K.L.:
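Here it is, the structure in full.
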Amino acid sequence: MKAPEIIRPDSYWQKQDEIIGKEALATLQLEHLTKSLRRVYSNVPFYHTRFDEAGLDPENIKSLEDIRRLSFTTSDDLRANYPFGLLAVSKDEVVRVHTSSGTTGRAKAICFSKNDIECSATLIARCLVMTGTGKGDILQNMMTYGLFTGALIMHYGAEKVGALVIPAGPGNTERQIQLMRDFGTTVIHITPSYSLYLASALQQKGIDPRKDLNLRRAYLGAEPYSEETRKKIEAIYGIDVYNSYGLTEMSGPGVAFECGYKNGMHLWEDHFFAEIIDPETGEVLEDGQEGELVLTSLRREAMPLIRYRTRDITKIITGVCECGRTHRRISRILGRSDDMFVVKGVNVFPQQIEQVLMGIKGVAQNYQILLESYDHLTIRVEIAKELFDGNIEHLLQLQTEITDKVRADILVKPKIELLEPGALPVSEGKAKRVIDNRTM
Ligand code: AMP
Ligand code: ZN
């Protein structure tokens, strides 16, 4: 494989933060952590109580590990303190509020100061420059504008690097295609599920994205997707796809991002302190071990969160990336701990099923997992149109192949239903892959 170009601009937003020695980073983190802890202790009654309960004095923080004495902040804490209960600044310092879908449950409100917005945009700028986007690029932003951070934070960061931004928002596929053609879009920011849908819409219109569009790269995030899906999207569009991870609670997109080596996402450790924990016991795990990502915001002003349980399952990749950046990488998100389901006593993430499906020739873009009982699962799979119109023998073979491959991976035999392309609902935002009709 050709080594990707290492992009190291000297632009001000990149500064020295990307390449920083381990010790220097730890010092920087401790400095910002101490500031954050002092601020929440003085200004947020919720954290004041937490510190007192743990017997932790923020004036007396000696090492990063000291925060392990504090209990976790959870999404329930955010809801209980909705909307302004966790503010660490006065309300008139807040210039924007976003909400997090968190993919499950009620919305949570996250407040931003002017400086928080600037910081988030700066981090996105860092990600864009790292992957080659800048002046001259035309970035069509197909994430949802509005209360979610996905679109707006990317928008600000993209403008910062001098790209031309088309604030398209999601959906209205005809218009998306028109915009891509009229403006010669070079970069798209999009959810994996919508990018697959868009690909089939292009195909139906007889447009070959490799020849008829000017696309070079795509940033895909907001929901889990497999490596197989990335490969599929890269092949269909003839572009580079980079994984982009973030969550509103930590400032939106730009928390962790892939570099040209596409081998895990660099987590910007000068802004976020990361721990991986066992989601059952809360025990902190070693690098390389899979568990739930817990993040502490180091530089947020309006609403810093300490030891926030993201519910996202990942691991820290050991070793330094070939690109030379020292920020540690997290692996592709396997799923949210609350997305995991149990069938026949086996823990399954929708991602595992997607990984298998996307590696099978003939499987189209969309699928759905249906749970009707605790010992049975049905997978509805859209398949290529030509197969659907073709020979029944081929369909049965495909059904058997899918059944066998999924069983080999998750150890539960699924029932496979094959559907025509377009038969399953398409979501403009995060895809809903699992329909759980089970009652307790
Ligand atoms: P929100 O705060 O509403 O934007 O949602 C953030 C959540 O979206 C995260 O906690 C993850 O569960 C999910 N998410 C965001 N980016 C990714 C990604 N690249 N891969 C997998 N899940 C993601
Ligand atoms: Zn790298």
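What you are looking at is a predicted structure, and each value in this text was computed from that prediction instead of being measured. What you see below is based on every heavy atom in this structure, not just the backbone, and it leaves out hydrogens, waters and symmetry mates.
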K.L.:
Kindly confirm or rule out a cation-pi arrangement of R230 over Y225, judged by NZ or CZ under 6.0 Å from the six-membered ring centre and within 45° of its axis?
P.N.:
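No; the conditions do not both hold, so R230 does not lie above the ring face of Y225.
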K.L.:
Could you check whether D338 pairs with R336 (Lys NZ or Arg NE/NH1/NH2 to Asp/Glu carboxylate O, under 4.0 Å)?
P.N.:
yes
K.L.:
Check whether NZ of the Lys or CZ of the Arg R126 lies under 6.0 Å from the centre of the six-membered ring of F257 and within 45 degrees of that ring's axis.
P.N.:
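No; the conditions do not both hold, so R126 does not lie above the ring face of F257.
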K.L.:
Measure the spacing between OG of S36 and CZ of R299 and express it to the nearest 0.5 Å.
P.N.:
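It is 10.0 Å, given to the nearest 0.5 Å.
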K.L.:
For R380 and L424, which heavy atoms make the closest approach, and how far apart are they?
P.N.:
O-CD1, 3.8 Å
K.L.:
Hey, what's the ring geometry for Y145 with H155, parallel, tilted or perpendicular (30° and 60° as the breaks)?
P.N.:
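Ring orientation of Y145 relative to H155: perpendicular.
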K.L.:
Salt-bridge test for K262 and D240: reply yes if a basic N is under 4.0 Å from a carboxylate O, no otherwise.
P.N.:
yes
K.L.:
Which atom pair, heavy atoms only, marks the closest approach of Y237 to P209?
P.N.:
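Minimum heavy-atom separation between Y237 and P209: CD2-CB, 3.8 Å.
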K.L.:
Looking at M303 and C111, what are the two nearest heavy atoms and their distance?
P.N.:
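In terms of heavy atoms, the two residues are closest at SD-N, 3.4 Å.
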K.L.:
To the nearest 0.5 Å, what is the distance between CZ (R300) and CD (E249)?
P.N.:
9.5 Å
K.L.:
Could you grab the distance from atom OG1 of T185 to atom CD1 of I177, nearest 0.5 Å is fine?
P.N.:
11.5 Å
K.L.:
Using the side chain to side chain contact (heavy atoms under 4.5 Å, CB included) rule, take M180 and I207 through it: C-alpha gap first, then chi angles, then the decisive distance, then the call.
P.N.:
CA-CA 12 Å; M180 286 201 280; I207 299 171; over 6 Å; no
K.L.:
Would you mind checking if E118 and K160 are paired as a salt bridge, meaning a charged N to carboxylate O distance below 4.0 Å?
P.N.:
yes
K.L.:
Measure from the side-chain N and O atoms of H266 to the backbone N and O of R329, and report whether any donor-acceptor pair falls under 3.5 Å.
P.N.:
no
K.L.:
Please check if any side-chain donor atom of R217 sits under 3.5 Å from a side-chain acceptor atom of T131, or the reverse.
P.N.:
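Not at all, the side chains of R217 and T131 share no donor-acceptor pair under 3.5 Å.
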K.L.:
Please confirm whether R96 makes a cation-pi placement over Y156, using NZ or CZ under 6.0 Å from the six-membered ring centre and within 45° of the ring normal.
P.N.:
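Here R96 passes the 6.0 Å and 45° test against Y156.
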K.L.:
Grab the two heavy atoms, one from I333 and one from Q351, that are nearest each other, plus how far apart they are.
P.N.:
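Closest heavy-atom pair between I333 and Q351: O-CG, 4.1 Å.
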K.L.:
For residues I124 and A158, report the shortest heavy-atom separation together with the two atoms involved.
P.N.:
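That closest heavy-atom pairing would be CG2-N, 4.2 Å.
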K.L.:
Could you measure the distance from the CE atom of M265 to the NE2 atom of H327? Nearest 0.5 Å is fine.
P.N.:
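M265 CE to H327 NE2: 15.5 Å, rounded to 0.5 Å.
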K.L.:
Cut-off 3.5 Å, side chains only: do E354 and S226 have a donor facing an acceptor?
P.N.:
yes
K.L.:
Atom NZ in K108, atom CG in D77: separation rounded to 0.5 Å?
P.N.:
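If I round to the nearest 0.5 Å, the distance is 11.0 Å.
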K.L.:
Are R332 and Y245 in a cation-pi contact, defined as NZ or CZ under 6.0 Å from the six-membered ring centre and within 45° of the axis?
P.N.:
no
K.L.:
Check K205 with D212, please: is the shortest side-chain N to carboxylate O separation under 4.0 Å?
P.N.:
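Salt bridge: no.
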K.L.:
Using distance alone, with no hydrogens and no angle criterion, decide if S297 and Y308 have a side-chain donor and acceptor under 3.5 Å apart.
P.N.:
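Not at all, the side chains of S297 and Y308 share no donor-acceptor pair under 3.5 Å.
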